[in-house]
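Owing to the predicted nature of the structure, the values given are computational and were not obtained by experimental measurement. Chain letters run A, B, ... following the sequence lines, proteins first and then strands; every chain starts at 1.
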There are 2 protein chains.
Amino acid sequence: MTQTVPAPLPADFFPADCPVQSVPVLGSRKWAWRIVRCLEGGPRRFSELRVPLAGITAKVLAESLRSMEQDGAVVRTEYAENPPRVEYALTPLGRTLLGPMDAVCEWSRENLGSLLAARLEYERAER
Amino acid sequence: MTQTVPAPLPADFFPADCPVQSVPVLGSRKWAWRIVRCLEGGPRRFSELRVPLAGITAKVLAESLRSMEQDGAVVRTEYAENPPRVEYALTPLGRTLLGPMDAVCEWSRENLGSLLAARLEYERAER
DNA sequence: CCGTATCCGAACCGATACTG
DNA sequence: CAGTATCGGTTCGGATACGG
């Protein structure tokens, strides 16, 4: 019975090079998860993406796609046509995100109700 | 051969009540994931958490814990002692987060190298 | 010991207008 | 069609000082 108390957490509990703090590609970007989902079925054009991503502005969509491209999750292909056509697609690396994303989505499906209930309960207990 | 082109994405591709956009509990909070990890082994005191979460300020830690408490992922227990002692622990709901978190951590372990390489390559191609 | 109050700067997001 | 430029609002995190 020497282990009734958990060991204290060391200062280097998280290694300096451990950026699991937040998924880099999905970052804190509001739209990144949904963009990945939209590209799951194949390449999409810029304006085509704006339909399901209701409310996104061109600026934010362009910014998001650019940052995902920097991270190697998305490829941008420009066709020399007129009017111009640009397609975005997931790279193999981008596709590897689908696994963890599915895990999170399943978590939401199973536990979101409890979470929302907890919020209401907290609010109720406040007063 | 009628299906060579993927179907266009409908405007209601994402249901209005689908908050998978971002994991509610972990939100966009910078520290939430790490806090869950710190609590995985059992209850921890406020000041005890500040050790592994090197650099976090009291304000941000308190805010983060409060929001996770609101979402029902964490319980706060205050002991009427002097000096005061407060302990934080994962709730059963909070523990369900460990599954998806593991999936994401494994992704990082396997693919973070590729991602960092892609960033460097992108930067190099810029010039 | 366990926070809160206040102020500040950075990051992100959105609206609008304009361009190759 | 596929963006960029500019501006403004909000949200978040960090620093510092103080309170129960």
| field | Quiz item: cation-pi between Arg85(A) and Tyr79(A), 6.0 Å / 45° | value | yes
| task | Rounded to the nearest angstrom, tell me the gap between atom OH in Tyr88(A) and atom P in dA2(D). | result | 8 Å
| Rounded distance in Å - CZ (Phe46(B)) to C1' (dT4(C)) | 10 Å
| request: Would you mind telling me which of dC1(D), dC1(C), dG3(D) lies closest to the side-chain atoms of Pro83(B)? | output: dC1(C)
| field | Upstream residue (5' side of DNA chain D) when Lys59(A) and Val86(A) are each assigned their closest nucleotide | value | Val86(A)
| query | What is the distance from CD of Glu78(A) to P of dG20(C), rounded to the nearest Å? | reply | 15 Å
| query | Choosing from dA2(D), dC2(C), dG13(D), which nucleotide comes nearest the side chain of Lys30(B)? | reply | dG13(D)
| Can we say Arg124(A) and Glu121(A) salt-bridge, meaning some charged N sits less than 4.0 Å from an Asp/Glu carboxylate O? | yes
| message | Using whole Å, what does the distance between atom C1' of nucleotide dG14(C) and atom CH2 of Trp31(A) come to? | response | 10 Å
| Glu69(B) and Val75(B): side chain to side chain contact (heavy atoms under 4.5 Å, CB included), yes or no, with the steps? | CA-CA 6 Å; Glu69(B) 197 192 351; Val75(B) 247; over 6 Å; no
| query | Whole-Å distance between dG3(D) C1' and Glu87(A) CD? | reply | 16 Å
| Hey, does Ala58(A) reach any base, or is it just sugar-phosphate, or nothing, if we go heavy atoms under 4.0 Å? | base
| request: Measure the distance from CZ on Arg44(A) to C1' on dG3(D) and round it to the nearest whole Å. | output: 20 Å
| Of all the nucleotides listed (dT4(C), dC1(C), dC1(D)), which has the minimum atom distance to the side chain of Pro84(B)? | dC1(C)
| If you look at every strand shown and take non-hydrogen atoms under 4.0 Å, does Arg50(B) touch a base, only sugar-phosphate, or nothing? | nothing
| task | List the steps, then state whether salt bridge (Lys or Arg N to Asp or Glu O under 4.0 Å) holds for Arg76(A) with Glu78(A). | result | CA-CA 7 Å; Arg76(A) 180 182 183 277; Glu78(A) 196 171 343; 3.0 Å; yes
| Side-chain N,O (Arg66(A)) to OP1/OP2 (dG3(D)) below 4.0 Å | no
| field | Under-4.0 Å salt bridge between Arg37(B) and Asp102(B) | value | yes
| query | With respect to the phosphate group of dC2(C), does any side-chain polar atom (N or O) of Arg85(B) fall under 4.0 Å of OP1 or OP2? | reply | no
| said: For dA15(C) and Thr57(A) - does any side-chain N or O of the residue sit under 4.0 Å from the phosphate oxygens OP1/OP2? | reply: no
| task | Take atom OH of Tyr79(A) and atom C1' of dG3(D), then tell me their distance rounded to the nearest Å. | result | 18 Å
